[in-house]
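Since the model is a prediction, treat every value here as computed from it, not as a measurement. In what follows, chains are A, B, ... by sequence order, proteins preceding strands, each numbered from 1.
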2 protein chains.
Amino acid sequence: MQTLAILTQVLKKNKVRITTIRKALLMILLTRTKPMSVYDFQKRLQHEGIDAHKVTLYRDIELLCTLGIMREVSFTDGFRRYELEEDHHHHAVCTACKEVFEINDQALEKAVFSLERRTKKRYHFASLSHNLEFLGVCTRCFKHS
Amino acid sequence: MQTLAILTQVLKKNKVRITTIRKALLMILLTRTKPMSVYDFQKRLQHEGIDAHKVTLYRDIELLCTLGIMREVSFTDGFRRYELEEDHHHHAVCTACKEVFEINDQALEKAVFSLERRTKKRYHFASLSHNLEFLGVCTRCFKHS
DNA sequence: TTGCAATATGCAACTGAGTTGCATATAATA
DNA sequence: TATTATATGCAACTCAGTTGCATATTGCAA
């Protein structure tokens with residue numbers, strides 16, 4: 001379990017300044033579990049009275065990724081999203097409302113990692129990671145259609 | 001197994017004109033198995049002496065998708081790619097050379113579909129499809145690095 | 001085979017996510 | 001609190017994909 005103190009420590013160790021925006025980004029990461037796009041972060045910050053330029057967000061997010069604090073979660077809808085490095089989840093995206101549902105299923109996680117190992121061996125890939133997303137229509141959107 | 005005759009029949013039935021570009025697109029789909037981006041199609045057509053504008057390709061590809069002839073295969077690198085509807089495969093993408101390797105593994109396909117059914121039930125999604133891609137470094141790129 | 005109408009194509013100009021160079025503002029250190 | 005290196009913002013860019021409209025081509029009927 002990460003805390004703000006642990007994360008700011010990482011910044012300090014790397015001689016990276018702890019600015020208002022960066023601290024706010026870390027707080028958001030700690031309180032949100034769903035992957036967030038740059039625009040999600042921007043809106044959330046605005047809500048807290050912080051106006052951050054998108055360029056800054058892109059740069060800070062890239063920084064936090066290289067420091068191993070957050071990771072990019074790839075989706076196929078054209079928006080890059082990010083989450084705390086410690087969460088590795090798969091997601092189900094509702095194609096109607098674009099909501100991202102986090103899938104919490106140990107058996108699924110295990111199965112996917114075993115598929116990854118299998119594929120790495122069969123196709124002689126030096127390193128391998130994966131993206132798995134489910135696309136569908138959530139209950140709520142289904143009822144309203 | 002699809003043939004050019006079957007596919008042009010589909011166009012005719014839908015009162016859609018069979019133009020040089022469309023016929024060439026179908027031929028390419030029939031002889032290629034890997035998913036192709038719009039720019040892949042454009043290069044391939046140029047090679048056969050056909051200069052097609054990207055706008056035309058986007059529109060024709062969309063048309064062929066709605067006719068059920070091709071399908072979009074989503075990747076997370078920002079390029080949409082397309083393949084014949086009958087192929088449903090998963091892919092391994094080399095992050096170095098961007099080559100797409102088709103994965104032909106019956107056991108993997110079965111496993112993934114079972115994960116899909118499982119997830120649909122657990123999360124009450126009305127309909128569900130999935131994207132699974134593996135990302136890594138292929139043998140050739142690994143040797144050259 | 002030709003002429004006509006409907007459809008396909010190309011062009012130019014646009015959208016929107018993400019990027020880059022540079023000037024200004026701010027955090028950390030002495 | 002002054003200094004200086006780093007962070008932020010701005011403007012202008014890139015590039016995949018989209019849209020409106022003018023022109024070219026296809027399929028059909030005569």
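As a whole-Å value, the separation of A:Arg80 CZ from C:dG16 C1' is 13 Å. In this structure, NZ of B:Lys15 is placed 13 Å from P of C:dA8, rounded to the nearest angstrom. Atom CG in B:Asp77 sits roughly 15 Å away from atom P in D:dC15 (whole-Å rounding). Following rounding to the nearest Å, B:Phe41 (CZ) and D:dG17 (C1') show an atom-to-atom distance of 16 Å. Computed from coordinates, the A:Ile50 CD1 to D:dT8 P distance equals 11 Å when rounded to whole Å. With rounding to whole Å, B:Asp60 atom CG is found 15 Å from C:dT7 atom P. Atom CG in A:Leu63 sits roughly 7 Å away from atom P in D:dA7 (whole-Å rounding). Counting to the nearest Å, the C1' atom of D:dG27 and the CG atom of B:Asn14 are 16 Å from each other.
With ring centers used as reference points, A:His130 lies under 6.0 Å from A:His90.
Listed pair A:Tyr58 / C:dT19 fails the phosphate criterion, with no side-chain N or O lying under 4.0 Å from OP1 or OP2. Under 4.0 angstrom from either OP1 or OP2 of D:dT6 there lies no side-chain N or O belonging to A:Thr19. A:Arg17 has no side-chain polar atom (N or O) that falls below the 4.0 Å cut-off from OP1 or OP2 of D:dT8. Between B:Arg22 and C:dA8 there is a side-chain polar atom (N or O) within less than 4.0 angstrom of OP1 or OP2. The shortest distance between the side-chain N/O atoms of A:Ser37 and the OP1/OP2 oxygens of C:dA17 is not below 4.0 Å. The phosphate of D:dG17 (OP1 or OP2) has no side-chain N or O of B:Arg59 nearer than 4.0 angstrom. Residue A:Tyr39 places at least one side-chain N or O under 4.0 Å from the OP1 or OP2 atom of C:dA17. The phosphate of D:dG9 has OP1 or OP2 within less than 4.0 Å of a side-chain N or O from A:Thr56.
Residue-to-nucleotide proximity on DNA chain D shows that, of A:Lys54 and B:Ile18, the 5′-proximal contact is made by A:Lys54. In terms of position along DNA chain D, the nucleotide closest to B:Gly78 lies nearer the 5' end than the nucleotide closest to the other residue of the pair B:Thr20 and B:Gly78.
Nucleic acid contact class of A:Asp51 (heavy atoms, under 4.0 Å, all strands): sugar-phosphate only. In this structure, A:Val16 reaches the sugar-phosphate backbone alone: every heavy-atom distance under 4.0 Å involves primed, P, OP1 or OP2 atoms, never a base.
Between A:Lys54 and A:Gln42, the closest side-chain pair of non-hydrogen atoms falls below 4.5 Å.
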Please evaluate residues B:Lys120 and B:Glu116 with respect to the criterion salt bridge (Lys or Arg N to Asp or Glu O under 4.0 Å), reporting the C-alpha separation (whole Å), side-chain torsions for both, the decisive distance (0.1 Å), and the verdict.
CA-CA 6 Å; B:Lys120 187 174 172 180; B:Glu116 184 175 309; over 6 Å; no
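Ring geometry, B:Phe101 versus A:Phe125: the interplanar angle exceeds 60°, so the pair is classed perpendicular (tilted spans 30 to 60°).
A:Arg32 has no carboxylate O lying under 4.0 Å from a charged side-chain N of A:Glu83, or vice versa, which leaves the two without a salt bridge.
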